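Just below is one structure, and these are the notes that go with it.
These figures come from a predicted structure and were not determined experimentally. Residue numbers start from 1 in every chain, and the chains themselves are labelled A, B, ... in the order their sequence lines are given, proteins ahead of strands.
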Amino acid sequence: MPEGYVVHADARRFAEALAGRVVRAASPQGRFASGAAVLDGRVLREAQAFGKHLFLRFSGSADGARYLHVHLGLIGAWTWWDAGRAQTAGRPLLAAGDSGVRLRLTGAGGVSAELRGATVCELVDEHAVDTVVAALGPDPIRADSDEDGSRAWRRVRGSRTPIGTLLLDQSVVAGAGLIWRCEAPFLAAVSPHRPGRELGEQEWATLWRELRRIMRAAVDHRPEEFSLFRRGGEPCLRCGTPIEVARLGGRPVWWCPRDQPR
DNA sequence: CTCACATGTTAAG
DNA sequence: TTAACCTGTGAGC
């Protein structure tokens, strides 16, 4: 389920609900038992998201492995509980229980977060965090990212790769996934099939501006519907032309052949 | 019960 | 380009 906006929303929730507090950590499923034992009883100091990567900084010596690094992959998710009630919006409520819970973090107030299905769940030091972040392109959601899109543009402008594929490359733009690689080109009236090098600078500026706007909005309000995503064959909301779907870079892409000519 | 599928990434062919 | 991996859900038999 998770693109970058989901990870940013989780980071915000960690910051609001658990930061500054002693946290109990457990791994009922057992696959992160040693890491949970290390974290148990520490204070969560900070929560940050870079693209689809979540980093939780815990109390501990500066040169130690005090960061929890999580990447949800395709099916991972955090489920939030408050006083026994599931709080995860937009997703069917899970029954309470330990099934599949690789890590449960519980604050003194009773709020807890359960991690299931993640691709990455590990304890790392600051240097490892820097290495991961350094490999990422600018994250449109972060305030400290590429304001005008010029950094990402340097990767796009000379590339023969389709823009719809470049948007999925985390070293070009961090945090976008299948949804935004379709929605943003639609809003910018750019075909996802066009090579990066064939985009005009103004088209890229529009695309980047729209990316930032819709990804940031999604952090605040989890979107339920999209203009194109998974709407193959349905009429385009703008012009009524049937939305097309194909595979691009091995994964599906949707576009309006009229509003986004090649 | 089994199977396909999910907003992702990596490694192998 | 394909397969494998992480886990839960819903459709179909």
Using the side-chain heavy atoms of [X], tell me which of these nucleotides is nearest: [options].
X      : options             : value
A:K52  : C:dT7, C:dG8, B:dT9 : B:dT9
A:I75  : C:dC6, C:dG8, B:dG8 : C:dC6
A:R251 : B:dT9, C:dC6, C:dG8 : B:dT9

Could you state the atom-to-atom distance from [atom1] of [X] to [atom2] of [N] in whole Å?
X      : N     : atom1 : atom2 : value
A:L74  : C:dA3 : CG    : P     : 16 Å
A:L248 : B:dG8 : CG    : P     : 14 Å
A:R247 : C:dA3 : CZ    : P     : 11 Å
A:L103 : C:dC6 : CG    : C1'   : 15 Å
A:F226 : B:dA6 : CZ    : P     : 14 Å
A:L54  : B:dG8 : CG    : C1'   : 16 Å
A:L168 : C:dT1 : CG    : C1'   : 16 Å
A:L115 : C:dT7 : CG    : P     : 9 Å

Kindly say if [X] contacts the phosphate of [N], meaning a side-chain N or O under 4.0 Å from OP1 or OP2.
X      : N     : result
A:Q29  : C:dC6 : no
A:S99  : C:dG8 : yes
A:R102 : C:dT7 : yes
A:R116 : C:dC6 : no
A:H71  : B:dT9 : yes

Does A:R31 reach a base, just sugar-phosphate, or nothing at all? Heavy atoms under 4.0 Å.
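Touches sugar-phosphate only.
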
Mind checking if A:G100 touches a base, just sugar-phosphate, or nothing, with heavy atoms under 4.0 Å?
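Counting heavy atoms under 4.0 Å across all strands, the contact made by A:G100 is with sugar-phosphate only.
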
How far apart are the C-alpha atoms of A:Q260 and A:V190, what are their side-chain angles, what is the distance that settles it, and do they pass the side-chain contact (heavy atoms from CB on, under 4.5 Å) test?
CA-CA 5 Å; A:Q260 300 165 271; A:V190 169; 5.8 Å; no

Interface with DNA chain B, restricted to residues 174-186 of chain A and to heavy atoms under 4.0 Å:
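Going residue by residue through residues 174-186 of chain A, the ones with a heavy atom under 4.0 Å of DNA chain B turn out to be A:G177, A:L178, A:I179.
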
If the threshold is 4.0 Å, N to carboxylate O, is there a salt bridge linking [X] and [Y]?
X      : Y      : value
A:R66  : A:E126 : yes
A:R13  : A:E16  : no
A:E201 : A:R157 : no
A:D98  : A:R104 : yes

With heavy-atom distances below 4.5 Å as the criterion, would you say the side chains of A:W180 and A:M215 are in contact?
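Sidechains of A:M215 and A:W180: in contact.
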
Under 4.5 Å between any side-chain heavy atoms of A:L56 and A:Y67, yes or no?
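Not in contact.
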
For the C1' atoms, the ones on C:dG8 and on B:dT10, what distance do you get once it is rounded to whole angstrom?
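Taking atom C1' in both C:dG8 and B:dT10, they lie 23 Å apart.
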
Determine the Euclidean distance between corresponding P atoms of B:dG13 and C:dC5; express it in Å to zero decimal places.
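Approximately 13 Å lies between the P atom of C:dC5 and that of B:dG13.
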
Measure from NZ or CZ of A:R238 to the centre of the six-membered ring of A:F186 and say whether it is under 6.0 Å with the direction within 45° of the ring axis.
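Cation-pi check for A:R238 and A:F186: passes.
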
